[in-house]
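Structure record follows, encoded as structure tokens.
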Amino acid sequence: MSQTGHSAAFAASDVRADGRTNLVGLSREELAAEFDKLSLPKFRVKQVWQWIYNRGVTDFDTMTNLAKPLRERLAEQFVIERPKVSQSLQSVDGTAKWLLAFEDGNEVETVHIPAADRGTLCISSQVGCTLTCKFCHTGTQRLVRNLSPMEIVSQVMLSRDAFGEWPSPTDGSRQITNIVLMGMGEPLYNYENVAKAMKIVMDPEGISMSKRKITLSTSGVVPQMRQCGEELNVNLAVSLHAVTDEIRDDIMPINKKYPLKELIQACRDYPNVNNARRITFEYVMLKGINDSDTDARGLVKLLKGIPAKINLIPFNPWPGSGYECSDPLRISKFADILAAAGLSAPVRQARGEDILAACGQLKSESERLRKSERAVLSEQHLAAQVAAVN
Ligand code: SAH
Ligand code: SF4
């Protein structure tokens, strides 16, 4: 499989071996088209949509406003299915992680990180990633494929199942208040499926998440940043990690395709960014690579005029990465320079370490590792990142 291709590969099909179509992940238009084939009236689309995405049901028989013969007819043609959860872990600090197993044997992780005033769900967009950022474990995974809209939207639904959060709470009691696309994969290399899934998640008659509560993290796929801004306009997080093309070219190969100048311009152009709705810039602290005072000053200069928050991420080491995390003192000096220039740059407390809760980075790799090796892979950074993004 290509490691550099744009859209990584196929996504799973909505049609099962028994010929029935899974309704989860279909857009409203697609659902309408399916019902049209059965000559069902339009209002049935809305009813079934609400059952699936507002009430979270998985069985046509529970759809009490549909007559029994219709429920049976639907069950002959369709299913409402989510992928299997093959592992479910809970950290002492409340962080939860689910490992999802797909029909083709692939797996991805979804992580939930609770905080006093919110609960953030970190979801994956691909199995692996075709980009090969040098510091990222996901980028070393050989097998890559796009997740289907069903597989993306199901991550939200499964966590809603776990919290019993159906029908969609409207009273502020939600455990899942925010979604971050920061798990495995580059969401803008699977833009169509991510967009479709996010439209479902945002639909006010279903899961009903506001675009202001959704953050998409990208390594900087400039053309799709524009498209995403226009069509979804969710919050944007950009994995910057370096302030010169020389360093960024070296650690993030995508920079050769979309260099810093273009990336920063795309950030400036991103619609509806203001002081109340800033772009998050993620910056992984790599010892001796990107963590000098000069780098910090370069960062201030680069982001001048962009409503920005900076998320300083302690590098999360993995065997063979060849990098080390910057020393804590270096990180705080770096943060001080940013703060002096009026840029907020929190370095947050790690969470969920005991269950290896950093989205995606270990996944299939982790299964092959012995326990002693796993201990080396402290997976703190994600929780820290997520906390800082929100
Ligand atoms: N592909 C997207 C989103 C997934 S990665 C992106 O790159 O933005 C989520 C974040 O984790 C990114 O900011 C990524 O750069 C960061 N990351 C990857 N490997 C890391 C590591 N070893 N330590 C700390 N952060 C890492
Ligand atoms: Fe892919 Fe993001 Fe990892 Fe880079 S940092 S390899 S884009 S998941």
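Ligands are counted one by one from 1 in listed order, and the atoms in each one are counted from 1 as well.
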Take atom NZ of Lys333 as the centre, draw a 6.0 Å sphere, and report whether it contains more than 12 heavy atoms from other residues, nucleotides or ligands. no
For Gln265, look at atom CD and say whether over 12 heavy atoms of other residues, nucleotides or ligands are found less than 6.0 Å away. yes
Winner among Lys134, Glu282, His241 once heavy atoms are compared against atom 14 (C) of ligand 1: His241
Please work out which of Cys129, Ser217, Ser219, Gly185 has its closest non-hydrogen atom nearest to atom 1 (N) of ligand 1. Gly185
Results of salt bridge (charged side-chain N to carboxylate O under 4.0 Å, His left out) for Glu262 - residues two or more places apart only: none
Can you name the residues that form a salt bridge (charged side-chain N to carboxylate O under 4.0 Å, His left out) with Asp269, not counting sequence neighbours? Arg226
Do Asn22 and Arg16 have side-chain N/O donor and acceptor atoms under 3.5 Å apart? no
Just by distance, no angles: are the side chains of Glu282 and Ser217 close enough, under 3.5 Å, to form a donor-acceptor pair? yes
Out of all atoms in ligand 1, which are within 4.0 Å of some heavy atom of [X]? Include the element for each.
X	answer
Cys136	18 (C), 19 (N)
Trp318	22 (N)
Met182	4 (C), 9 (C)
Val284	23 (N), 24 (C), 25 (N)

All pairs passing ring pair (Phe, Tyr, Trp, His ring centres under 6.0 Å) where residues 99-130 contributes a residue, at least two apart: His112-Phe163
At a 4.0 angstrom heavy-atom cut-off, what protein residues surround ligand 2? Cys129, Leu131, Cys133, Cys136, Gly139, Gly185, Glu186, Ser219
Flag Phe135 as yes when one of its N or O atoms lies below 3.5 Å from any N or O atom of ligand 1, and as no otherwise. yes
Mind checking whether Thr218 contacts ligand 1 via backbone (N, CA, C, O), side chain (CB onward), both or neither, at a 4.0 Å heavy-atom cut-off? backbone
For ligand 1, note which part of Met184 has a heavy atom under 4.0 Å away: side chain, backbone, both or neither. neither
How far apart are the closest heavy atoms of Arg82 and Val57, and which atoms are they? NH1-O, 4.4 Å
Does Tyr323 have a heavy atom less than 4.0 Å from any atom of ligand 1? no
Hey, is Gly183 one of the residues with a heavy atom under 4.0 angstrom from ligand 1? yes
What's the separation between atom CD in Glu30 and atom CD1 in Ile200, rounded to the nearest 0.5 Å? 8.0 Å
Could you go through the side chain to side chain contact (heavy atoms under 4.5 Å, CB included) check for Gln224 and Leu216 one step at a time? CA-CA 12 Å; Gln224 273 67 40; Leu216 182 146; over 6 Å; no
Decide yes or no on side-chain hydrogen bond (donor to acceptor under 3.5 Å, both in side chains) for Ser125 and Glu186, but give the supporting numbers first. CA-CA 7 Å; Ser125 57; Glu186 168 49 57; over 6 Å; no
